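Comments concern the structure below.
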Amino acid sequence: MDVVLDYADHYILTPYVYPSTWPENDPWRQIASLLLIANIGGYILYFISATFSYFFIFDHRLMKHPQILDNQIRKEIMCTVISVPFMSIPTVTMFFLEVRGYSKLYDNVGDTRLGYAGVVLSMFTFIAFTDMCIYWIHRFLHHKLVYKHLHKLHHKWKVPTPFASHAFHPLDGFLQSLPYHVYPFLFPLHKVTYLGLFLFVNVWTVSIHDGDFRVPETLKPIVNGSAHHMDHHLFYNYNYGQFFTLWDRIGGSFKYPSSFDGCGPIDLILSKEKENGRLKPEHIKNGKKRD
């Protein structure tokens with residue numbers, strides 16, 4: 001995160017925001033700056049990615065589902081807007097430790113033993129490590145003693161839209177992001193690679209709430225996509241994974257997505273509309289094919 005902080009200091013904070021007598025390496029200034037970056041950047045990333053997904057990817061037929069709440073999108077957005085500042089406090093604690101040099105983040109690829117091969121390898125190990133950790137954290141959040149206090153809020157959105165992607169209780173949201181912050185304290189990671197991965201996982205979080213259930217046939221057994229996560233919202237105790245289905249299979253919580261079997265939420269909507277005489281049979285077929 002010090003890459004972003006350096007740019008913010010150079011182009012905005014030092015010339016326009018802070019007094020010249022306040023040095024850039026002052027810890028309190030760094031904390032204040034990181035809070036600004038985490039909140040403003042978090043909102044920008046959320047609204048851009050969720051809005052794009054909603055208008056260009058999200059299947060709007062889902063808005064007719066009987067479990068969609070009144071004014072659900074507004075409620076999802078308000079939940080996120082309220083949660084982000086609270087989520088940013090523990091998040092900035094981790095960012096601050098990175099900036100102060102306590103992590104294994106590095107600047108120069110040439111200084112490492114594996115060079116660019118290590119950068120590529122770290123991308124795979126980052127995804128594998130965080131996928132494993134998030135599975136068990138997510139499953140912990142479903143424990144009966146924890147669920148009602150933290151994770152229940154996110155399951156308010158039984159049929160989520162992309163705007164539900166960050167609509168969590170603040171502590172729930174931070175806990176599920178914790179592996180992303182822990183990784184660079186355990187393993188070497190290039191700073192720019194880390195920033196790119198951090199952006200990727202936020203966009204991925206939106207994508208598994210985007211209601212677009214299409215997955216290449218060869219990836220269906222492997223990738224935990226929107227269809228898998230939709231069933232998690234609907235049935236609670238299945239498909240806890242973030243990126244892959246591996247840990248759900250190991251942990252006995254894997255459920256083949258109902259949408260792949262032709263009995264998902266879109267199929268329910270289409271069948272109800274057919275019963276009401278608003279669709280012809282060929283529309284049902286097209287709808288199922290899309291899923």
Side-chain angles (χ1 to χ4, degrees), residues 1-7 34 37-38 41-42 45-46 48-49 53 87-88 90-141 165-166 168 172-210 215-216 219 221-226 228-229 232 239-251 253-254:
M1 189 52 64
D2 55 344
V3 173
V4 178
L5 182 59
D6 287 343
Y7 273 95
L34 289 169
I37 292 168
L45 182 59
Y46 167 71
I48 289 177
S49 56
S53 178
M87 272 192 274
S88 72
T91 300
V92 163
T93 301
M94 305 299 291
F95 287 158
F96 178 69
L97 292 174
E98 294 168 9
V99 168
R100 300 302 289 187
Y102 292 102
S103 72
K104 295 187 178 183
L105 292 168
Y106 61 89
D107 289 291
N108 300 314
V109 177
D111 294 339
T112 63
R113 184 166 57 88
L114 295 177
Y116 283 99
V119 173
V120 175
L121 178 63
S122 69
M123 295 180 188
F124 290 100
T125 57
F126 179 91
I127 295 298
F129 174 83
T130 56
D131 189 53
M132 175 188 69
C133 293
I134 290 172
Y135 172 82
W136 291 109
I137 291 171
H138 194 177
R139 192 155 184 172
F140 163 76
L141 288 164
S165 57
H166 292 72
F168 289 94
D172 179 4
F174 173 71
L175 286 174
Q176 294 202 61
S177 70
L178 187 58
Y180 305 133
H181 303 297
V182 168
Y183 181 93
F185 287 91
L186 300 177
F187 308 102
L189 186 62
H190 189 264
K191 291 179 179 179
V192 176
T193 304
Y194 179 48
L195 182 60
L197 288 167
F198 196 79
L199 293 172
F200 165 75
V201 297
N202 277 275
V203 173
W204 181 270
T205 301
V206 174
S207 78
I208 60 174
H209 294 85
D210 68 12
V215 177
L219 295 180
I222 302 169
V223 173
N224 181 78
S226 181
H228 299 76
H229 198 68
H232 174 74
N239 300 346
Y240 298 104
Q242 180 76 351
F243 302 111
F244 305 112
T245 62
L246 173 64
W247 286 99
D248 278 300
R249 294 179 187 277
I250 293 172
S253 55
F254 175 77

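Positions are given from 1, in the same order as the sequence printed here. In this text, all values refer to a predicted model and were calculated from it rather than measured experimentally.
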For the [atom1] atom of [X] and the [atom2] atom of [Y], what is their distance to the nearest 0.5 Å?
X      : Y      : atom1 : atom2 : result
Phe254 : Arg249 : CZ    : CZ    : 4.0 Å
His229 : His209 : NE2   : NE2   : 3.0 Å
Ile37  : Ser88  : CD1   : OG    : 12.0 Å
Leu189 : Thr112 : CG    : OG1   : 11.0 Å
Met1   : Asp6   : CE    : CG    : 11.5 Å

With a 3.5 Å distance limit and no angle check, can you tell me whether [X] reaches the backbone of [Y] through a side-chain donor-acceptor pair?
X      : Y      : value
His190 : Asp107 : yes
His232 : His228 : no
Asp248 : Tyr240 : yes
Thr245 : Pro221 : yes
Thr205 : Val201 : yes

For residues [X] and [Y], determine if any side-chain heavy atom of one lies less than 4.5 Å from a side-chain heavy atom of the other.
X      : Y      : result
Arg100 : Leu97  : no
Leu197 : Thr130 : no
Leu141 : Leu175 : yes

| Do the ring planes of Tyr180 and Phe126 sit parallel (below 30°), tilted (30 to 60°) or perpendicular (above 60°)? |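 Tyr180 and Phe126: parallel rings.
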| said: Classify the ring geometry of Phe200 against Phe243: parallel below 30°, tilted from 30° to 60°, perpendicular beyond 60°. | reply: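 Parallel.
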Which heavy atom of [X] sits nearest to which heavy atom of [Y], and what is that distance?
X      : Y      : value
Ala38  : Val92  : CB-CG2, 3.9 Å
Lys104 : Leu186 : NZ-O, 3.3 Å
Ser165 : Phe168 : O-CE1, 3.0 Å
Tyr194 : Glu98  : OH-OE2, 3.0 Å
Pro184 : Ser103 : O-CB, 3.5 Å
Gly115 : Val109 : C-CG1, 3.4 Å

| Cys133 and Tyr183: CA distance, side-chain angles, deciding distance, side chain to side chain contact (heavy atoms under 4.5 Å, CB included) verdict | CA-CA 10 Å; Cys133 293; Tyr183 181 93; over 6 Å; no
| request: Evaluate the side chain to side chain contact (heavy atoms under 4.5 Å, CB included) criterion for residues Asn224 and Asp131: first the C-alpha distance (whole Å), next the side-chain angles of each, then the deciding distance (0.1 Å), finally the verdict. | output: CA-CA 10 Å; Asn224 181 78; Asp131 189 53; over 6 Å; no
| message | Pair Leu246, Ile250 - check side chain to side chain contact (heavy atoms under 4.5 Å, CB included), show working. | response | CA-CA 6 Å; Leu246 173 64; Ile250 293 172; 3.8 Å; yes
| request: Assess whether side chain to side chain contact (heavy atoms under 4.5 Å, CB included) is satisfied between Gln242 and Ile208, documenting all intermediate values. | output: CA-CA 8 Å; Gln242 180 76 351; Ile208 60 174; 4.1 Å; yes
| task | Could you tell me which residues satisfy side-chain contact (heavy atoms from CB on, under 4.5 Å) with Leu121, sequence neighbours excluded, listed by chain and number? | result |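 Leu121: side-chain contact (heavy atoms from CB on, under 4.5 Å) contacts with Leu114, Thr125.
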| query | Does CZ in Phe187 sit with more than 12 non-hydrogen atoms of other residues, nucleotides or ligands closer than 6.0 Å? | reply |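 Buried by this count: over 12 neighbours within 6.0 Å.
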| field | CZ (Phe185) with more than 12 external heavy atoms under 6.0 Å | value |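 Yes, CZ of Phe185 has more than 12 neighbouring heavy atoms, counting only those of other groups under 6.0 Å.
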| task | Report the residues that fulfil side chain to side chain donor-acceptor pair (under 3.5 Å) with His166, sequence neighbours left out, ordered by chain and then residue number. | result |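 By the side chain to side chain donor-acceptor pair (under 3.5 Å) rule, His166 matches Asn202.
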| said: Under a plain distance cut-off of 3.5 Å, with no hydrogens placed, do Tyr135 and Ser253 share a side-chain donor-acceptor pair? | reply: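 Short answer, yes.
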| task | Indicate, with yes or no, if the rings of His181 and Phe198 have centres closer together than 6.0 Å. | result |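 Yes; Phe198 has its ring centre under 6.0 Å from that of His181.
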